[in-house]
Amino acid sequence: MDSTKKKIIRILIEKGLLVSEDLIEKLDQTENLQGFLDRLESKKDRNEDLLLLCEENLGLVRGEDAPPNWKEFEESRANFEKNSKDKKYERFVEHFQNNCSQSQNRDQPKDGPIQKENTEISKNLETSPCDILFSYEEKQGKKTVKDFVSYFNHRFQSLSGLLTQRSELQGLTSISRIAAKKDRENVSMIGMIRDISTTKNENLMVTVEDQTGYINVLISKNKPELYHRAADLVEDEVIGIQGVSGNNVVFANNVVWPEVPLNKEFKKYPEETYAAFLSDIHVGSKLFLKDSFMKFIKWLNGGVGSDKQKEVASKIKYLFVAGDLVDGVGIYPGQEEELEIPDIYKQYEECARLLDQVPKHITIILSPGNHDAMRLAEPQPRLYKDLSEAIWKLKNVIIVSNPAIVNVLRTEDFPGFDVLLYHGYSFDHYISNVDSIRNNGGYDRADLIMKFLLTRRHLAPTHTSTSYIPDSSCDPLVIQSIPDFFVTGHIHKTSVSNYRNITMICGSTWQAKTDFQEKVGHHPEPARVPLVNFNTREVKILKF
């Protein structure tokens, strides 16, 4: 062993670390040893449980944000050496590789917020370009009350930043200053809704708060237009109020939402190109409509339909799947009785077998849903590779989180289309709790739900509308940028509409009506495929 390698081993042992042979070679050949040691020292407090330093966990010293349980990692490595089928160790390795890749790319020039770990996939899809603008990467670490506070602070700051651009909210004042006013004055403020109630005179009383305090806002029933709009307010959303101050109360004259601007460009691609939209495939269920799905696959391959329909199929470049690829296991009590495939691994294998029959010139972009084998809390990261390995192996598939934003068809002369994918697990809450949605069709009106969320610029504004993981650095469910397409699923009901030049698409399902849906009065529309012509922005719904 040469002197350089001996020096590396001696220095690391003095720091209480064992080092693997593979890493010694890497440090000797490619790393600046002093720089490596400096980075290691800067993270000393966070890595006190780390005993073995190897190539797999090199991402630790290259920018790892939140260390996992190192003792558990080292136990998993030992188990892997005894039994190569140990999946836990492979999950750790994948985690380190992702962090290492992200760290290396932080210093590279970027053309927009594209996640570099997917660059290799994008290069393989030259005929159907796709850039991932946002795909959430799961962050390891214990969550505390402070994380929840930071999460809601970031939400407030993001949405208040959008509201300050609204012309209706001139002369914005903090809530603490408004509460201190004695005389009646015209005021404007931004706040997060803390509570909603109805007074004995049937007026709405809304308590809003910002980072300086809280105050009551009275919305009078004698202002019917405002009262009607305010009836859809929900807790925890961020709104603007314009009104007149009183004694620790504001009498509202207007309620302002973050909203989507009216001047959103309605882009059209210069060539006739198509995309198909699916959701809720539910492979593994006894009610999975395999014959209908195979008819769709056959059509994509030009094997069925009229000459015109075959021509359209040949021009499809993208297939979006908005969650629930499989039916899952243990999703609800008694589900095992309704499963054709009770093994989650085999469900994904069968799903991969079906998707593998999609023509390879079509880029498949898929995100998870509440039936997929992963955490229910949003944002959901990409499908876990150890459970859905067969899906990951498909060469024309791009896997993103839920929610996610991708850009398709970008060229030097065309900016492409931004597509926001969100499975829609929060939909159930708003169907049950927002009168204008519940009383005008409920589960049959995905367009009303999607418009509701776009207006609030948030995919789940109310704290209890979905399970979530509080990210201390941002709120990933805020609709920060305005998409060209908003794509959802979950409710098994096809819907296509337009809101302020945003094409809203709710996918269908490939599962027949379940007993649960029968009991609660759902009316699913299976085997429907929304098809978008990017050249005209026309949307047709195909029935299979």
Side-chain angles (χ1 to χ4, degrees), residues 102 105 110-119 121-122 125 128-139 154-155 158-159 161-162 258-261 264-267 269 275 277-279 317-323 363-369 378-383 397-411 414-426 450-451 453-461 466 468-469 471 473-490 499-507 530 532 534 537:
Q102 291 170 2
N105 286 319
K110 296 182 181 181
D111 181 16
I114 300 170
Q115 296 206 0
K116 298 296 182 180
E117 64 269 23
N118 294 284
T119 301
I121 296 178
S122 298
L125 303 170
S128 305
C130 177
D131 294 328
I132 300 177
L133 304 184
F134 170 75
S135 182
Y136 188 80
E137 292 296 329
E138 187 173 14
K139 297 181 180 180
H154 282 293
R155 175 191 297 189
S158 296
L159 296 176
L162 299 174
E259 259 295 4
V260 174
K264 168 68 177 173
E265 180 186 1
F266 192 68
K267 291 180 285 189
Y269 191 63
F277 296 83
L278 310 182
S279 69
K317 285 194 173 183
Y318 299 95
L319 176 61
F320 291 88
V321 185
T363 301
I364 305 173
I365 303 163
L366 56 86
S367 62
E378 296 174 352
Q380 292 177 294
R382 296 181 294 174
L383 293 173
V397 166
I398 294 178
I399 302 173
V400 294
S401 65
N402 170 43
I405 305 173
V406 300
N407 179 281
V408 297
L409 293 177
R410 177 184 290 172
T411 66
F414 185 74
F417 298 102
D418 291 345
V419 182
L420 169 61
L421 292 100
Y422 174 59
H423 179 63
Y425 192 58
S426 69
M450 296 168 76
K451 176 183 174 183
L453 299 180
L454 286 172
T455 297
R456 283 143 183 86
R457 298 290 289 273
H458 200 281
L459 297 171
T466 186
Y468 64 92
I469 296 293
D471 190 314
S473 63
C474 67
D475 180 354
L477 301 183
V478 171
I479 306 174
Q480 192 72 48
S481 60
I482 304 167
D484 298 292
F485 292 85
F486 182 20
V487 180
T488 64
H490 184 59
Y499 181 63
R500 298 193 173 189
N501 289 342
I502 299 173
T503 302
M504 302 187 300
I505 298 174
C506 185
V532 170
F534 284 127
R537 293 288 289 271

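Just the heavy atoms: all of them, side chains too, but no hydrogens, waters or symmetry mates, feed the values below. Note that the coordinates shown come from a computational prediction; the quantities given were computed from them, not determined experimentally.
For Tyr468, the side-chain hydrogen bond (donor to acceptor under 3.5 Å, both in side chains) partners are His463, not counting sequence neighbours.
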> Can you check side chain to side chain contact (heavy atoms under 4.5 Å, CB included) on Val419 and Ile365, steps first, answer last?
Replying inline: CA-CA 10 Å; Val419 182; Ile365 303 163; over 6 Å; no
> Could you go step by step and tell me if Ile398 and Val406 meet the side chain to side chain contact (heavy atoms under 4.5 Å, CB included) rule?
Replying inline: CA-CA 10 Å; Ile398 294 178; Val406 300; 5.7 Å; no
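A 4.5 Å side-chain heavy-atom check between Tyr422 and Met450 finds every atom pair outside the cut-off. At least one side-chain heavy atom of Leu459 sits under 4.5 Å from a side-chain heavy atom of Phe486. Looking at heavy atoms from C-beta onward, Arg500 lies out of side-chain contact with Ile482 at the 4.5 angstrom threshold. Counting only heavy atoms from C-beta outward, the side chains of Glu378 and Tyr136 never approach each other to under 4.5 Å. Proximity of Ser279 to Thr488: side-chain heavy atoms (C-beta onward) are nowhere separated by under 4.5 Å. Counting heavy atoms from C-beta on, the side chains of Leu420 and Ile502 never come closer than 4.5 Å. For the pair Tyr318/Val532, no side-chain contact is recorded, criterion being any heavy-atom separation below 4.5 Å from C-beta on. Side-chain contact between Ser158 and Asp475: absent, with no pair of heavy atoms (C-beta onward) separated by less than 4.5 Å.
The line from OG of Ser481 to CG of Asp418 is 6.0 Å long, rounded to the nearest 0.5 Å. For the atom pair CG (Leu409) and OG1 (Thr411), the distance works out to 8.5 Å, reported to the nearest 0.5 Å. To the nearest 0.5 Å, atoms CG (Asn402) and CZ (Arg382) are separated by 14.0 Å. For the atom pair CG of Leu159 and NE2 of His458, the computed distance is 6.5 Å after rounding to the nearest 0.5 Å. Here the CD1-CZ distance, from Ile364 to Phe320, works out to 11.5 Å after rounding to the nearest 0.5 Å.
Gly424 approaches His490 most closely through the heavy-atom pair O-CD2, 3.1 Å. The nearest pair of heavy atoms linking Cys506 to Gly489 is SG-O, 3.7 Å. Minimum heavy-atom separation, Pro368 to Val400: CD-O, 3.3 Å. Closest approach of Asp484 and Gly416 over heavy atoms only: OD2-O, 4.0 Å. Minimum interatomic distance between Cys474 and Pro476 (heavy atoms only, all atoms of both residues): O-CD, 3.5 Å.
A donor-acceptor distance shorter than 3.5 angstrom exists from the side chain of Asn501 to the backbone of Lys264, with no hydrogens or angles considered. With Ser135 contributing its side chain and Ser401 its backbone, the two residues share a donor-acceptor pair below 3.5 Å. Tyr269 places no side-chain N or O within 3.5 Å of a backbone atom of Arg537 that could act as its donor or acceptor partner. Between the side chain of Arg155 and the backbone N or O of Pro461, at least one donor-acceptor pair lies under 3.5 Å. Looking at Arg457, its side chain does come within 3.5 Å of a backbone N or O of Gln480 through a donor-acceptor pair.
Between Phe417 and Phe485, the two ring planes are perpendicular [angle over 60°; tilted spans 30° to 60°].
The side chain to side chain contact (heavy atoms under 4.5 Å, CB included) test with Pro403 is passed by exactly one of Ile479, Leu421, Leu477: Leu477.
For Phe534, the CZ atom counts as densely surrounded, since its 6.0 Å shell holds more than 12 non-hydrogen atoms of other residues, nucleotides or ligands.
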